[in-house]
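Below is one structure; the comments refer to it alone.
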Amino acid sequence: MNFKKKSVRDIELKGRKVVMRVDFNVPVKEGKVKDDTRIKAALPTIKYISDKGASLVLLSHLGRPDGAVKPEFSLRPTVDVLSKLIGKPVLFADDCIGAATVAKAQSLKPGEIMICENTRFHKEEDMKAKTEEDKAKADTFAKELAKLGDIYVNDAFGTAHRSHGSTAKICRHVPVSVAGFLMEKEIKYLGDAVANPQKPFVAIIGGAKVSDKLAVLKALIQKVDVLVIGGGMAYTFLKAQGHQIGKSLCEQELLGTAKEIMDEAAAKKVKLLLPCDNIAADKFDNAAQVKTVGQDIPEGWMALDIGPKAVAEFSEAISKAKTVVWNGPMGCFEMPNFAKGTLGVCKAVANSGALSIIGGGDSVAAVNQSGLAEKMTHISTGGGASLELLEGKELPGLKALNDL
Ligand code: AMP
């Protein structure tokens with residue numbers, strides 16, 4: 001996958017008509033935006049394009065309306081929020097396609113901004129087109145979207161792993177397709193830095209299930225010097241090594257795969273670290289009785305966090321890293337009594353001085369909870385997309401952008 005993609009920096013914007021895919025998939029309650037983080041995140045690109053004298057049409061999805069017009073999924077509430085943040089009026093179109101929307105887009109003056117209604121109000125946006133007829137419908141929809149501008153910008157990394165109308169197919173019908181600043185940063189770190197890492201390269205993979213992270217483990221083992229495995233998934237590995245794991249999470253059917261991964265690590269001379277001690281609980285509850293145990297979890301107990309020695313061992317490896325990628329918590333960090341392992345690793349990453357890339361999802365929540373977010377090099381905005389990029393998959397939304 002080529003990570004050298006053109007961005008808004010590389011093109012002339014003055015007087016042009018830009019259509020940009022953003023991620024305004026924000027929580028809305030009673031017609032009000034409850035959290036404007038994603039709108040704020042898109043501001044630098046929006047401001048840049050508008051300040052350069054281009055008109056700007058914004059496309060996004062919100063929720064899962066399943067191809068029907070459902071008022072609770074309307075993007076209209078985002079208009080006021082963006083308008084306040086950017087300090088000028090923002091227009092709105094009731095649909096993302098059609099003659100009226102195209103006319104409104106064409107009448108925009110340089111610097112003016114318009115948000116279009118939810119792209120997922122049309123089933124053609126995200127339908128799995130299996131028949132030729134459906135493929136043609138999806139393509140026609142993408143062609144309609146393309147009428148909204150002569151330059152396409154994608155700044156919605158979180159949906160870049162989807163081959164939707166507004167995220168990928170539109171690119172077939174516009175002459176220029178480039179990345180926005182958010183997308184550019186995601187490519188730089190999750191793409192380029194991981195493909196060409198500064199060594200030592202340490203990957204920390206955690207979370208509940210081995211099955212969710214299998215592809216990423218297999219991909220990273222080809223590149224890293226140290227692979228740290230924590231969280232619920234570590235116990236399938238410990239069991240595969242012959243340990244007793246009590247009632248801890250275990251994917252029985254993946255014991256063989258876990259062993260294969262450990263064998264491959266050994267063959268590639270990748271240091272694979274599993275928690276040498278653990279916090280075991282008598283039930284899945286913050287108020288459970290707990291005890292610190294080694295790699296054998298007593299009968300009737302479940303390991304819900306890594307122990308202090310494991311934190312120290314993991315931290316030692318992390319302190320030597322030049323590049324760190326982290327995806328997935330080390331324990332049930334949502335419960336304060338089982339958050340120490342995740343927090344400890346978070347501190348180690350923050351203090352390592354390494355280029356640190358936090359790969360979306362729960363690890364982002366954990367980093368934010370720790371108050372150490374500022375000390376990380378890059379915190380990804382896309383859970384599924386970041387995992388797929390780390391797995392080495394081609395993201396349709398990224399692939400469709402013009403190469404540098
Ligand atoms: P994932 O979405 O796969 O990254 O998994 C995150 C979830 O894994 C979080 O909700 C954690 O509470 C959970 N988790 C982490 N460690 C454990 C564990 N030892 N036992 C059960 N669940 C865990």
Side-chain angles (χ1 to χ4, degrees), residues 158 161 190 203-220 227-241 243-252 254 257-258 261 273-298 300-311 314 324-346 349 357-370 379-391:
H161 58 318
L190 280 161
I204 310 156
I205 304 295
K209 287 181 168 172
V210 183
S211 47
D212 289 346
K213 307 282 163 80
L214 205 52
V216 83
L217 286 172
K218 286 185 173 168
L220 286 173
L227 180 60
V228 174
I229 297 181
M233 59 190 278
Y235 306 101
T236 301
F237 283 86
L238 286 176
K239 183 154 187 199
Q241 285 185 339
H243 291 286
Q244 302 299 315
I245 60 162
K247 288 195 293 182
S248 307
L249 276 187
C250 179
E251 283 167 281
Q252 199 67 29
L254 288 181
T257 310
I261 290 174
L273 295 177
L274 290 167
C276 58
D277 66 346
N278 296 280
I279 308 297
D282 63 346
K283 56 183 174 198
F284 192 81
D285 190 332
N286 190 46
Q289 265 200 67
V290 295
K291 57 182 172 187
T292 305
V293 298
Q295 290 192 313
D296 287 294
I297 317 297
W301 292 68
M302 61 182 86
L304 295 183
D305 196 7
I306 60 171
K309 285 188 188 141
V311 171
F314 291 1
V324 177
V325 166
W326 180 17
N327 185 298
M330 298 291 101
C332 297
F333 75 105
E334 300 93 336
M335 293 191 261
N337 288 340
F338 305 105
K340 286 194 195 77
T342 302
L343 193 61
V345 163
C346 197
V349 177
I357 302 159
I358 317 300
D362 272 321
S363 5
V364 174
V367 168
N368 286 334
Q369 195 174 307
S370 73
I379 300 179
S380 177
T381 52
S386 65
L387 209 53
E388 288 199 18
L389 206 48
L390 289 175
E391 287 166 7

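In listed order, ligands and their atoms are each counted from 1. Predicted, not measured: the structure shown is a model, and the values here were computed from it. Numbers here simply count residues along the sequence, with the first being 1.
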Revision key, fill the gap. Correct closest heavy-atom pair for Lys213 and Gly207 would be NZ-CA, 4.2 Å
Review point. Do Lys283 and Gln289 have side-chain atoms, one donor and one acceptor, less than 3.5 Å apart?
Key: no
Check your understanding: Quick one: CD1 on Ile306 to CD1 on Ile229, what's the gap to the nearest 0.5 Å?
Key -> 12.5 Å
Study note, to complete from the structure: Leu249 heavy atoms within 4.0 Å reach ligand 1 at atoms 20 (N), 21 (C), 22 (N)
Check your understanding: Which ligand 1 atoms does Gly231 reach within 4.0 Å, using its non-hydrogen atoms?
Key -> 16 (N), 19 (N)
Review point. Between Leu304 and ligand 1, which part of the residue brings a heavy atom under 4.0 Å of the ligand: side chain, backbone, both or neither?
Key: both
Review point. Under 4.0 Å from ligand 1, counting heavy atoms only, is it the side chain of Ala303, its backbone, both or neither?
Key: backbone
Practice item. For side chain to side chain donor-acceptor pair (under 3.5 Å), just list the numbers for Glu251 and Thr236, CA-CA rounded to whole Å, side-chain angles, deciding distance to a tenth of an Å, and then say yes or no. Key: CA-CA 6 Å; Glu251 283 167 281; Thr236 301; 4.6 Å; no
Review point. Is Glu334 touching ligand 1 with its side chain, its backbone, both, or neither, if touching means heavy atoms under 4.0 Å apart?
Key: side chain
Study note, to complete from the structure: Taking only non-hydrogen atoms of Asp362 and a 4.0 Å limit, the atoms of ligand 1 in range are 2 (O), 5 (O), 6 (C), 7 (C), 9 (C), 10 (O)
Check your understanding: Any non-hydrogen atom of Lys213 lying under 4.0 Å from ligand 1?
Key -> yes
**Study point:** Gap between atom CZ of Phe237 and atom CG of Leu217 - 0.5 Å precision
**Key:** 5.0 Å
Point to revise | Option set Gly341, Ala280, Pro329, Gly331, criterion heavy-atom distance to atom 15 (C) of ligand 1, minimum | key: Gly331
Check your understanding: When you measure from atom 22 (N) of ligand 1 to each heavy atom in Gly232, Ser248, Cys332, Ala208, which option holds the nearest one?
Key -> Cys332
Point to revise | Leu214 vs Ile261 side-chain heavy atoms within contact, under 4.5 Å | key: yes
Check your understanding: Are Lys247 and Trp301 in a cation-pi contact, defined as NZ or CZ under 6.0 Å from the six-membered ring centre and within 45° of the axis?
Key -> no
Check your understanding: Side chains of Ile358 and Ser380: closer than 4.5 Å at any heavy-atom pair?
Key -> no
Revision key, fill the gap. At under 4.0 Å between heavy atoms, what of Met233 touches ligand 1? The answer is neither
Check your understanding: Contact between Phe338 and ligand 1, counting heavy atoms under 4.0 Å?
Key -> no
Study note, to complete from the structure: For Tyr235, the ligand 1 atoms with a heavy-atom partner under 4.0 Å come out as 19 (N)
